[in-house]
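Accompanying notes for the structure given below.
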Number of protein chains: 2
Amino acid sequence: MAAANRNTIQRKLVMNVVQNSLHPTAEYVYKTIKTDYPDISLGTVYRNLSLLSNRGDILKIPLPGSADRFDRDISLHYHAVCSECGAIDDVHGLDLGDIDMDASQNTGYTISGHTLIFTGICPECQAKISEQSLMEE
Amino acid sequence: MAAANRNTIQRKLVMNVVQNSLHPTAEYVYKTIKTDYPDISLGTVYRNLSLLSNRGDILKIPLPGSADRFDRDISLHYHAVCSECGAIDDVHGLDLGDIDMDASQNTGYTISGHTLIFTGICPECQAKISEQSLMEE
DNA sequence: CTATTATTGATATGAATTATCAATATATGA
DNA sequence: TCATATATTGATAATTCATATCAATAATAG
């Protein structure tokens, strides 16, 4: 028989938290589970997040310079990160055509995918910054 | 007077190595300088790579899960990373239109830029893999 | 129910980068 | 040229995020 994955409570808990959060980090998933199930280990959370994202049940969002985020939404979309507060939001409806094929023809690589992250300032932080510059006058 | 940057030998050495390398890591820059100038500190290399990339003299290529690379080529282009050997190559001639503006309209963010990394298998590793599958028959 | 082994919790380890701080060297301007 | 202010350095500690190790435990096939 093929070595099957096992449906452990820990794995179900990790999946549940991801399904009920927006773009959680491993740390957030760990702390959230811990309130109801204090025995869970951080390593277990990391292991299950990896397994679930490798399996395609959830999406891993690697962020350069900070902790990876995970996403319950596995449809094609991108993300924007706020450089002020670290917020992360979906960018839907962006059609880049077949950039993977373009990159493949360009380089000779067999392209399996790409990572695209936008950086900027979220509406909330923009508002705060505008307020501040008013105060300073 | 404005607090000016100083043109230290260490800074010049870091700049030189980046200008004469393809996509070096901080570690590579450090080791390369060290052969001629053994007193240089790794922290100094990191500090100068940050300063030079913030200043726009060089480009920082953040790679999720591995060490950042730096690029002497500051023109608009992207990169492909080989998942087998870690090689990194330029992807030129990719026109994504004004995706930053699209993302901005989509999210309400003020977008300052984006990071796009392609993942795949470089031609050399493809060749090795083909050889192997032939051997196995 | 039992045997196999995937998975867990605890913890050590690792890689990459930043922070700290006294000593030093660079640029300004007298 | 020389003195001064301070940006920068080297050495090293600390941090962050993540993976490796390993004996104990628990999930599943038969």
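Computed over heavy atoms, backbone and side chain alike; hydrogens, waters and symmetry mates excluded. Computed from a prediction, not measured in an experiment: that's the story for all the values here.
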Within less than 4.0 Å of OP1 or OP2 of [N], is there a side-chain N or O belonging to [X]?
X	N	value
A:R11	C:dT7	yes
B:N5	D:dT8	yes
B:T8	D:dT8	no
A:N48	C:dT7	no

Legend entry - Terminal axis angle for the helix from C:dC1-D:dG30 to C:dA30-D:dT1, five pairs an end, nearest 10 degrees: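 Inter-axis angle at the ends, rounded: 40°.
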Output the rounded distance in Å from [atom1] ([X]) to [atom2] ([N]).
X	N	atom1	atom2	result
B:K31	C:dA15	NZ	C1'	12 Å
A:R6	D:dA26	CZ	P	12 Å
B:I40	D:dT9	CD1	P	8 Å
A:Y30	C:dT8	OH	P	14 Å
B:L63	C:dA15	CG	P	17 Å
A:N54	D:dA18	CG	C1'	14 Å
A:N7	D:dA29	CG	C1'	15 Å
A:K12	C:dT8	NZ	P	12 Å

Inset, instruction - Kindly state each residue pair satisfying ring pair (Phe, Tyr, Trp, His ring centres under 6.0 Å) with at least one member in residues 101-133 of chain B, sequence neighbours excluded. - result: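 Residue pairs passing ring pair (Phe, Tyr, Trp, His ring centres under 6.0 Å), neighbours aside: A:H114-B:F118, A:F118-B:H114, B:Y78-B:H114.
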Legend entry - Pairs satisfying ring pair (Phe, Tyr, Trp, His ring centres under 6.0 Å), at least one member in residues 7-36 of chain B, at least two apart: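 Residue pairs with at least one partner in residues 7-36 of chain B: B:H23-B:H79.
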Heavy atoms, side chains only, cut-off 4.5 Å: are [X] and [Y] in contact?
X	Y	answer
B:T44	B:V14	no
B:R69	B:V81	no
A:L59	A:R72	no

Inset, instruction - Using the closest heavy atom to pick a nucleotide of DNA chain C for each, name whichever of B:I9 or A:I9 lands nearer the 5' end. - result: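 Taking each residue's closest nucleotide, the earlier one in sequence belongs to A:I9.
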Legend entry - 5'-most by nearest nucleotide on DNA chain C - B:Q10 or A:S41: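 Nearer the 5' end of the strand: A:S41.
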Legend entry - Gap separating the CG atom of B:D102 from the OG1 atom of B:T107, nearest 0.5 angstrom: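 Those atoms lie 10.5 Å apart.
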N/O to N/O distances under 3.5 Å, protein versus nucleotides 16-19 of chain C:
residue : atom : partner : partner atom : Å
C:dT17  : OP1  : B:D68   : N            : 2.9
C:dT17  : OP1  : B:D68   : OD1          : 3.3
C:dT17  : OP1  : B:D68   : OD2          : 3.1
C:dT17  : OP2  : B:Y46   : OH           : 2.9

Legend entry - Of all pairs that satisfy side-chain hydrogen bond (donor to acceptor under 3.5 Å, both in side chains), the ones with a partner from residues 117-126 of chain B, not counting sequence neighbours: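 Only A:T110-B:Q126 qualify under side-chain hydrogen bond (donor to acceptor under 3.5 Å, both in side chains).
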Inset, instruction - Check whether any side-chain N or O of A:S83 sits under 3.5 Å from a backbone N or O of A:G120 as a donor-acceptor pair, and report yes or no. - result: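 Answer holds: yes.
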Legend entry - Partner set under side-chain contact (heavy atoms from CB on, under 4.5 Å) for B:I129, not counting sequence neighbours: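 In terms of side-chain contact (heavy atoms from CB on, under 4.5 Å), with neighbours along the sequence ignored, B:I129 is linked to B:E84, B:I121.
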